[in-house]
**Student:** 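Pasting a structure here, questions to come.
What you see is a predicted model; the values in this text were computed from it and never measured. A, B, ... follow the sequence lines: proteins, then strands. Residue 1 opens every chain.
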Amino acid sequence: MLVLSPLILLALGALAPLFLGSRATAIRTVALGASVLALIASVIGIVYAPQHIDIPWLKSLGLSLSLHLDGLSMFLVALTALATVAVVAFSDETKRPGGYYSLILLMAATAIGTFLSTNLLVFYVFWELMIIPGYLLIGTYGQGANSRRAALKFLIYSLVPSAFLLVAIVALAVSAAPALGHLSFSLSQLASVRLPAATQDWIFLLFAASFMVKVPIWPLHAWMPDAYGESRPQVAAMLSGVLSKTGLYALIRFAFPLLPDAARLFAPALAVVALISILYGAWIALTHRDGRMVIAYSSLSHLGLVFLGVVALNALGLDGAVLQMLNHGIYAVALFLLFGVVEEAAGTRLLSKLGGIARKAALFSGFLWIAVLAALGLPGLNGFAGEFLLLLGIFHTSEVWAWIAIAAVVFSAAYFIRLFQLTAQGPTEPELRQPLRFGPLRIAAMVPFILLIFYLGWAPGQVTGRVAPVAQSITRQEASTALTVPVSNLSGEARGL
Amino acid sequence: MNPPLIAPPPVSLSLIMPELVLLATSIVILLAALFMDAGRGVRALTWVAGLGIAVAAARDVMLLLGPHLPATTFSGTLVMDPLAAVLDLVILASALVAVVLAANRPEASPDYLALVLWAAIGMMVLISAHDLIVLFLAVEVLSLPLYILCAFRPDRPSSLEAAVKYFLLGAFSSGFLLYGLALLFGVSGGTNLTQVASALASVPTASLIGAGASGTGLIAELGIGLVVVGLGFKLAAVPFHQWVPDVYEGAPTSVVTFMSVGTKVAAFGVLARLVDTVFVTSAVNWQGLLSALAVATIIGGAVLAIPQQNFKRLLGYSGILNAGYLLAVLVVGTAAATAAGVYFLVTYALMNLGAFAIVAALSGGEESGVMLRRYRGLFYQQPWTAAAMAVFLLSLASIPPLAGFFGKLFILQALLAGHELVLALAVVAGTAITLVVYGRPLLALFSAPEEKSPALPRVSPAVAATIFCLALATVAVGVAPGAVVALMHGVSQVGPLAGITGR
Amino acid sequence: MHSVIVLALLFPALGALLAAWIGPRLSHRLIAWICVGAVSLSFLVAVAAFVRLSGLPAAHRLIQDTLFTWNVAGGTPIHFTLLVDPISVLFMLVITGVGALIHLYSAGYMDDDEGFSRFFWQMNLFIVAMLLLVMAGNFFFLLVGWAGVGLASYFLIGFWYKRPAAVAAAKKAFVVNVVGDVALTLAIFLLFVNLGHVGYQTVFRQFSILPVATRDLVAALLFVAAAAKSAQFPLHIWLPDAMEGPTPVSALIHAATMVTAGVYLVARAFPIFGLAPSVATTIAWVGGFTALFAATIAIAQDDIKRVLAYSTVSQLGYMFMAVGTAAYAAGVFHFLTHAFFKALLFLAAGSVIHALGGEQDMWKMGGLRRTIPLTAATFLVGTLAISGIPPFAGFFSKDEILGGLLSGGQVGLWAIGTLAAGLTAFYMFRLYFVVFGGTARAPGHAHESPPVMTVPLVVLAVLSTVGGFLVLPGGYNLIESWLLPALTRFGPIPPLPPPTNWAAMAVSLAMALIGFGSAWALYGRKAPQVEPLHGPLHRLLKGKWYIDELGEWLIVRPALWLGSALERFDRKGLDVAFSRVGLLVAGWGESLRPTQSGYVRRYALGFALGVMLVVAFLSLRP
């Protein structure tokens, strides 16, 4: 039950508004409590991982509630819980609190579900469910005038590919059924079947498209500026910090082990897309006038790098990808939330109208500064550790990729420094509509992020050491199938994991 | 081919007991109405109608669990098999919801109750029909009460308009259906489906433009085509769907609730039976026809639903879309596919009845209650109602793990197993589009309420209980689809439902 | 010796933490005590390490201490090892020694600044990063220090963050530094991927097994990194702008320590450059070009700190010429003397600026020899030292380099260096005459700085005077005998430096005197009120060869333009292309709506058409 406890705690917290009506303080307290408990549970989970539960759900479909907590998933689960705590602490919805906090917690719970599932159909359940809170949060708790449109776009971009993902999943199971002797959606069972190359190809493409939208990766990112821009900073933090990871995670967890040949076939093409993503996002972040969009496009670039590390298809790259997913989650959530505080106080996100925050709030800008430094990959902070390992992995596969990708680091420095300078430094002083709200609760919620930025910078091995075995088993398995089973073997040879 | 039926007694009333119970109830209601005053009486009679439906359902369940199915009666013109029994239950459920919903509304009257029961009888007989004449009669028996029911809000012109439209177009389609049935009779020389099937088996294909045109081949094709047209009208398949939004918008919501589920169930049931008996034996390209209709219905329904601002119209289009899914599974024609269709219908009934029930309850008497914008901020006024509505909408959008998802999943599985990739993609494309459709009302539920708009009426306890049960079932069937599958497994090892057991 | 060398890092780290944490609540005096004390203690540790090393036999002068392991890289642990050997200990001594003096000076200079505690914790942070850079035992932690130095310099350049110019300069410095960081990172990747290690000793020992192309690539990347940090052409653009920081910062970072990190890197990684001779030659030529190029710019600058900044760039060029031709000892020697006299010059300039209330334009100065005599005297010592006038320190170290070049047959480089030496003498004496000679050009009365500022000046002046005697031409060479055994441990011994070249010495001395004479003739004798030189060449030099503008037009502007173009594309083009599909589907819904006319006759017609389609579908099958 340890596996499920963060998920259950968050889901229970999400139900609270049904009973509490519109008592904002109570609802928020319950949400905070639920997410803190979920965080504690997920940290305990890290200690006791790997854990596995398997509850039969629908035998005739080979469907069972298989949840697995291992090196690949446990940090992302904890990240989700941590982000939720911070997001709730930074939120203060009073008009319609019920929906807001419920949806935030549901979003977290479903994201945790996707991280834990090792049954394709169960994964799909969470994957689909996750979209709904996002859609509603953008659409009904948005800030901009176009929030409904942004929500619709988010919905279309999320659901259209995932509708086809369902076809791919069912087709995968149906194609594997003859070899397995029964219908199954279990990851381990499906991974033991090697599908014909042509089948793998189209299934992989549907998988990849669906996962890449969520990250997002160029050119499937068109929903991102709207969704991140029209929603609240807290929601944007959740989308970028947590939800984006589900796509990358799914690629590692499902697409590669299940469709190794197709993965190998398409890896170079995906790498090109990743490289475009890296440069494209960085370049836009370089000049964007809107501070939050700078963070948003930086995510496009940084997650493009993670994606590149994933498609490098080696253990180092995967290891680095997981580490950097965690790191990105940490600094992106911190950045979105902290910049959100500035937006809230100044009433604008235009960098040209901001500045001089450092003089008004030293501690705040110190935190912002640390988050910025982590994001731009300063050696010694967490962003660097992940970046280093990622690039190393990429380097192993293709030096050219690494050469291009590393250019993004220079861009990163330029646009993040610009973001910080225009927000915190400089001569401009915005007329703050209200004082910068960085009270004890918000400080307390941000402290773990700052500590983790330092801690993971100096001791990334705490993460990679746990990830490495899984990453190695995924790549080894993939490599070994590539060697042992001829590609033309249509029947799908059963192979132990 | 249909499995050989157990030799029946020529007439077994026990097999049509559910229908007889409903008939008796309706007569009791009409007679009792003569002696009761209008206000309190209707309330009591509603209970009577509900009781009658419950008894009929109980008898139906007994038939399902009993050892006698499948069996025929009335000289083989009626058949009772698991398919019919399960679908009968769905029809009874929708009739029950229609009765409950009408309770405190203007349309509540003894006539209303009786007409609902008669229409239900027609639907149930239609599913059991194993004879061309019975089939046609059943269609008429279910249609006529519905025409009248549509006009049950004489205070509103739109209600009358809906009734007239439905009646005219319904009569039009009945003509085609009758002509198609007559042609099939002409080809085979018999009216029993078994006879028709064996006769069609020996009819070669024919083409107007190809070589070797044979008259009988053409007649068979025309017959099957027109039967499909007639039943497609009832199922609301594109391009025979145009009546749906207008009728749904104008007719009383309780009636729409009933017909949106019941008619569809009946039409699917009879089509499944025709596919299983007549179509599969013929050389006619019925699969191509159904595929084309399915794709057109899915895409048409989904796309047309997008701009709708009226909840009932929106649900009407969603019904069209779902009819497309049902047509798609019929194409596969295997027992597993039919079973998937039945499962889908069960889930569809749950969420559609639920959604309509909420619309009916919240619209009160006024029409504006069915506009989407009136639902804005419902979550903050009536959280439980809104939560239930969210469940229904999400289920309609086939978001897992709700009932609708598994309905869709089984269909996909059946289609992919039957190598109908195009249809599978159409199903998925339809789903993708409808997510946008259901997304808008969903968003409205949680949005900030409109300023100055009057609060929506409270939901009466009986309706609330109904809604709650339906929502619970929608969640439960999703979370534990195994229960429903197991139920079907327990009741049937043979016949059209065998496939659902997961073999 | 374990853990003692760690103290060198810990003291300033602690100082930085204290000053940052409780500094705002402490008095300026206490903060100064803490931070100056921290650096001084660190200096003592460096001295102790030096003493300890000198006590060891020449071949075993090495202190290593592994603190912890950074086991990120896929099973290959990277040990966080501190390494103190003759090279790093020299750098440590200069960093902490000169650093302590500058800290002391700052206590006076920054006393009336509201950001006093911020200044000191950032200065201490810089010392930590710089020490980490030179004490790191492998390339990986070198990189950590490397980036940390860049960060600290960003802080300090942008210290007066209300000034847009300071903020812009800080950003420019950071970005150019990151270019270097990236190059260094790539080099480390290449080493790690090919050799599996990043430790100095292992890497140097195995470097020769790599193919030539890889070796050249690694060396080239290391050089780019070094050039970015040490402001070599064309990556020098950040250094003159960095003068926007407070003057002690310029002294500490942009004269004495940070900019020499590149020299340190090349000296440290000498086996790599030894195995990539073409890159080494490039380094030498880039260094030579930079030395001359920056000297020409310095001639025409009016800002007192800018002249010094370009002189720094120029002097760094000398160091690169040296290390590029494998004269590591000469390069390090020049680093040492340069640290003394350049820190002195900057601090003295700071004293001038302080005395004039922030004035930096030398044409608004004059006659300061009389009002602030101590500053003038120490500045003169610095000028003599940098100009290569014996017996001041610069003479010896510069001639060590130039003589080595001539003896080594690098006549071209020697000629460039000598020419630059003449220019150096010219612009430095120009500066001295204009600032201190003649009469005051602007109203106001200058005051000599307080002792807390003048004491460091005097100390540095003494060092600039005697520092050169570490090497006595024709006599002994303490630097070489200290360094060479350390170098040999890592790789093949660099070619022994040629004996002292008296001819080169004479020529460069002559050049220095010519430079001095020209300056005297133009600026000293008549003490002009405005710049007497003009003409297109002067404008070109004053405009710094328009390198900044070139970069602005060729790189920055196109990049920014592309950025906003992409953003527009993203907002309009790509976005529209994708949302069109959605809108298209929605549009169908709209466009199909007329089919729902509401007229029964139309519906019946549609129905009939449908029937015809069905019939046709079934019966027209070929």
**Student:** Quick check on the 6.0 Å ring-centre criterion: do Trp403(A) and Phe189(C) meet it?
**Tutor:** no

**Student:** Are any non-hydrogen side-chain atoms of Leu151(C) and Trp369(A) less than 4.5 angstrom apart?
**Tutor:** yes

**Student:** Any side-chain heavy-atom pair from Phe420(A) and Tyr154(C) closer than 4.5 angstrom?
**Tutor:** yes

**Student:** Rounded to the nearest 0.5 Å, how far does NZ of Lys171(C) lie from CD1 of Ile417(A)?
**Tutor:** 8.5 Å

**Student:** Could you please state which residues from residues 211-222 of chain C sit under 4.5 angstrom from chain A, measuring non-hydrogen atom to non-hydrogen atom, sorted by number, or 'none'?
**Tutor:** Leu217(C), Leu221(C)

**Student:** Less than 4.5 Å to any heavy atom of chain C: does that hold for the side chain of Ala414(A), its backbone, both, or neither?
**Tutor:** both

**Student:** Under 4.5 Å from any heavy atom of chain C, what part of Leu373(A) do you find: side chain, backbone, both or neither?
**Tutor:** side chain

**Student:** Counting only heavy atoms closer than 4.5 Å, note whether Leu376(A) contacts chain C via side chain, backbone, both or neither.
**Tutor:** side chain

**Student:** Which bit of Phe411(A) comes within less than 4.5 Å of chain C, counting heavy atoms only: side chain, backbone, both or neither?
**Tutor:** neither

**Student:** Within the 4.5 Å heavy-atom criterion, are Phe192(C) and Phe388(A) side-chain neighbours or not?
**Tutor:** no

**Student:** Of the backbone (N, CA, C, O) and the side chain (C-beta and beyond), which part of Ile406(A) lies under 4.5 Å from a heavy atom of chain C, both, or neither?
**Tutor:** both

**Student:** Go through Phe174(C) and Phe416(A) one step at a time and tell me if the side chain to side chain contact (heavy atoms under 4.5 Å, CB included) criterion holds.
**Tutor:** CA-CA 11 Å; Phe174(C) 194 81; Phe416(A) 273 124; over 6 Å; no

**Student:** Val167(C), Val175(C), Leu143(C): which one forms the most heavy-atom pairs within less than 4.5 Å of chain A?
**Tutor:** Val167(C)

**Student:** Less than 4.5 Å apart, side chain to side chain, heavy atoms only: is that true for Leu186(C) and Phe395(A)?
**Tutor:** yes

**Student:** Rounded to the nearest 0.5 Å, how far does CZ of Phe159(C) lie from CD of Gln425(A)?
**Tutor:** 11.5 Å

**Student:** How about Thr185(C) and Glu387(A): do any of their side-chain heavy atoms sit closer than 4.5 Å?
**Tutor:** no

**Student:** Tyr415(A): which residues meet the ring pair (Phe, Tyr, Trp, His ring centres under 6.0 Å) condition with it, sequence neighbours left out?
**Tutor:** none

**Student:** What option among Leu190(C), Asn177(C), Val179(C), Ile188(C) has the most heavy-atom pairs under 4.5 Å with chain A?
**Tutor:** Leu190(C)

**Student:** Between Phe141(C), Phe80(C), Phe155(C), who has the most heavy-atom pairs with chain A when the cutoff is under 4.5 Å?
**Tutor:** Phe155(C)

**Student:** To the nearest 0.5 Å, what is the distance between CG on Leu378(A) and CG on Asp181(C)?
**Tutor:** 8.0 Å

**Student:** Can you list everything that forms a ring pair (Phe, Tyr, Trp, His ring centres under 6.0 Å) with Tyr135(A)? Sequence neighbours excluded, please.
**Tutor:** none

**Student:** What residues, two or more places apart in sequence or in another chain, satisfy side-chain hydrogen bond (donor to acceptor under 3.5 Å, both in side chains) together with Trp553(C)?
**Tutor:** none

**Student:** Checking Trp283(A) side chain against Ala559(C) main chain: does a donor-acceptor pair fall under 3.5 Å?
**Tutor:** yes

**Student:** Using every non-hydrogen atom in the two residues, find where Thr287(A) and Ser564(C) come nearest and quote the distance to one decimal.
**Tutor:** OG1-N, 3.3 Å

**Student:** State the CD1-CZ distance between Ile284(A) and Arg568(C), to the nearest 0.5 angstrom.
**Tutor:** 11.0 Å

